[in-house]
Each structure stands twice: as C-alpha cells, then as structure tokens.
Colleague: 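Sharing a structure here in structure tokens format.
Start at 1 with the first residue, then count along the sequence.
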Amino acid sequence: MDLVADENVDAPIVTAFRGANHRVIYVRELDPGIDDAQVLEIANSYGALLLTSDKDFGELVFRQGLLHAGVVLYRLAGLASERKAGLLLSVLQTHGDALRGAFTLVSPTQVRIRPRLSDSP
C-alpha cells in the first residue's frame, strides 16, 4: 500500500513499513517543515494513506472539509517505536481497504474507522 508518513512519524515506523514492502513517502525526507495542508495534498496526489500523530489533520478533514485518500491518526504515546510500528502494521493488514478514504484513529486499545460520507476522492 502507498503511504505518506508525516514528519512527526518516528523513523523506525517508516523503516518497518518499508520493510513490509509498503511504498512510503516520508515528509521528513521530502520537505520537512511544510504545512499540514501541503502534506495532505501530497498524500492525495499519490492516492496514498496519510500516517500521522498530528491531531490537526482532524481539523483539516472534519472542520475544513478537505478531501483525502485516507488518514490514519495514531495516539500511541509512551509506546516504543517498534511497538507502534507493529500495531500500525497490524491495523493495515487487518483493515486494509477499509482505511482508504476513511479517517482512522488508532490507540493502544482500539481502532476507530470513520468512512468518508461522500463519493469524493
């Protein structure tokens, strides 16, 4: 699956996804410091899921109504990067296509997938 990892994503998470044969564009390697709307545009241009721990993407998606190909927001503070990577890879494996176009919140104890309400890209 194609992913765009926001610059706040730990490097070991990116490495784990790449090691699992996912194509990952890492904002930290591409253009660090760009604003969230630009990050979302990059993900959309690739039709990629956006992986982030930045709650501001909820604001962009729900309040501003910006289109997205899918956002996975993880709230895994306090866990080691390797554990975070394992949980996130498991979510991707388990839920796969359901994540496309959805806004997904991943916490240590649950995964909430909120599908897009319209047919927009």
Colleague: Taking ring pair (Phe, Tyr, Trp, His ring centres under 6.0 Å) as the cut-off, I'd like each qualifying pair that reaches into residues 82-106, sequence neighbours left out, listed once.
Modeller: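 Qualifying pairs, neighbours excluded: Phe62-Phe103.
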Colleague: Can a donor-acceptor pair be found, under 3.5 Å and without considering hydrogens, that links the side chain of Thr15 to the backbone of Ala11?
Modeller: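 Looks like yes, one N/O pair under 3.5 Å.
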Colleague: With sequence neighbours excluded, give me every ring pair (Phe, Tyr, Trp, His ring centres under 6.0 Å) pair touching residues 1-25.
Modeller: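 Ring pair (Phe, Tyr, Trp, His ring centres under 6.0 Å) check on residues 1-25 returns Phe17-His22.
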Colleague: Look at the side chain of Asn8 and the backbone N and O of Ser53, then say whether any donor-acceptor pair between them is shorter than 3.5 Å.
Modeller: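 Here the side-chain-to-backbone pair exists.
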Colleague: Passes side chain to side chain contact (heavy atoms under 4.5 Å, CB included), Met1 versus Leu92? Steps please.
Modeller: CA-CA 9 Å; Met1 185 169 286; Leu92 193 65; 3.3 Å; yes
Colleague: Kindly say whether Glu7 contributes a backbone atom to a donor-acceptor pair with the side chain of Arg28 at under 3.5 angstrom?
Modeller: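 Side chain of Arg28 to backbone of Glu7: a pair is present.
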Colleague: Decide yes or no for Val111 and Leu105: does some side-chain heavy atom of the first lie under 4.5 Å from some side-chain heavy atom of the second?
Modeller: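 No; the side chains remain at least 4.5 Å from each other.
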Colleague: Do Leu3 and Leu50 come close enough that some side-chain heavy atom pair is under 4.5 Å?
Modeller: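 No, too far: nothing below the 4.5 Å cut-off.
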Colleague: Does anything in residues 30-45 pair up under salt bridge (charged side-chain N to carboxylate O under 4.0 Å, His left out), and if so which pairs, sequence neighbours excluded?
Modeller: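 Qualifying pairs, neighbours excluded: none.
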Colleague: What distance do Leu40 atom CG and Asp6 atom CG have between them, rounded to the nearest 0.5 Å?
Modeller: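 Going from the CG atom of Leu40 to the CG atom of Asp6 covers 10.0 Å.
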Colleague: Is it true that atom CD of Gln110 has more than 12 heavy atoms of other residues, nucleotides or ligands lying nearer than 6.0 Å?
Modeller: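 Atom CD in Gln110 is packed in, count exceeds 12.
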Colleague: Which residues pass the salt bridge (charged side-chain N to carboxylate O under 4.0 Å, His left out) test with Arg18, not counting sequence neighbours?
Modeller: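 Partners of Arg18 by the salt bridge (charged side-chain N to carboxylate O under 4.0 Å, His left out) criterion, ordered by chain and then number, come out as Glu29.
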Colleague: Should Leu49 and Val71 count as side-chain neighbours, where that means a heavy-atom distance under 4.5 Å?
Modeller: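 Contact flag for Leu49/Val71 side chains = no.
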Colleague: Enumerate the residue pairs fulfilling ring pair (Phe, Tyr, Trp, His ring centres under 6.0 Å) with a member in residues 71-93, sequence neighbours excluded, ordered by first and then second residue.
Modeller: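 Qualifying pairs: none.
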Colleague: With side chains defined as the heavy atoms from C-beta onward, is the minimum distance between Leu88 and Leu76 less than 4.5 Å?
Modeller: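 They are in contact (side-chain heavy atoms under 4.5 Å apart), so the answer is yes.
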Colleague: Are Ile42 and Leu30 close enough that some pair of their side-chain heavy atoms sits under 4.5 Å apart?
Modeller: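 Yes; the side chains approach each other to less than 4.5 Å.
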Colleague: Locate the shortest heavy-atom distance separating Ala69 from Gly47; write the atom from each residue and the value.
Modeller: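 Smallest heavy-atom distance, with atoms named: CB-C, 3.9 Å.
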Colleague: According to a 4.5 Å side-chain heavy-atom criterion applied to Ile, Leu, Val, Met, Phe, Trp and Tyr, with indirect links allowed, do Val72 and Val27 form part of one hydrophobic cluster?
Modeller: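 Different hydrophobic clusters.
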Colleague: May I have all residue pairs that pass salt bridge (charged side-chain N to carboxylate O under 4.0 Å, His left out) and include part of residues 59-75, sequence neighbours excluded?
Modeller: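 Found Glu59-Arg63.
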Colleague: What is the minimum heavy-atom distance between Ser81 and Ile13, and which atoms define it?
Modeller: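 Nearest heavy atoms, Ser81 then Ile13: O-CG1, 3.8 Å.
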Colleague: Tell me whether Val24 is reachable from Leu99 by hopping between hydrophobic residues (I, L, V, M, F, W, Y) whose side-chain heavy atoms are closer than 4.5 Å.
Modeller: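 Yes, it is one cluster - the side chains of Leu99 and Val24 are joined through contacts under 4.5 Å.
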Colleague: Tell me whether Leu51 is reachable from Leu73 by hopping between hydrophobic residues (I, L, V, M, F, W, Y) whose side-chain heavy atoms are closer than 4.5 Å.
Modeller: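 Leu73 and Leu51: separate clusters.
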Colleague: Verify side chain to side chain contact (heavy atoms under 4.5 Å, CB included) between Arg23 and Ile25, making sure each step is shown before the conclusion.
Modeller: CA-CA 7 Å; Arg23 181 175 155 205; Ile25 298 163; 4.1 Å; yes
Colleague: Please name the pair of heavy atoms, one in Ile113 and one in Ala102, separated by the smallest distance, quoted to 0.1 Å.
Modeller: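 Reported closest heavy-atom pair: CG2-CB, 3.6 Å.
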Colleague: Check whether any side-chain heavy atom of Phe57 sits under 4.5 Å from a side-chain heavy atom of His68, and report yes or no.
Modeller: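 No; the side chains remain at least 4.5 Å from each other.
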Colleague: With rounding to the nearest 0.5 Å, note down the distance linking CG in Asp54 to CG in Leu60.
Modeller: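 Reported value, rounded in 0.5 Å steps: 8.5 Å.
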Colleague: Does Asp10 use its side chain to pair, donor to acceptor, with the backbone of Pro12 at less than 3.5 Å?
Modeller: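 It does not hold such a pair.
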Colleague: Is Asn44 reaching over with its side chain to a backbone N or O of Leu67, donor-acceptor style, under 3.5 angstrom?
Modeller: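 Yes.
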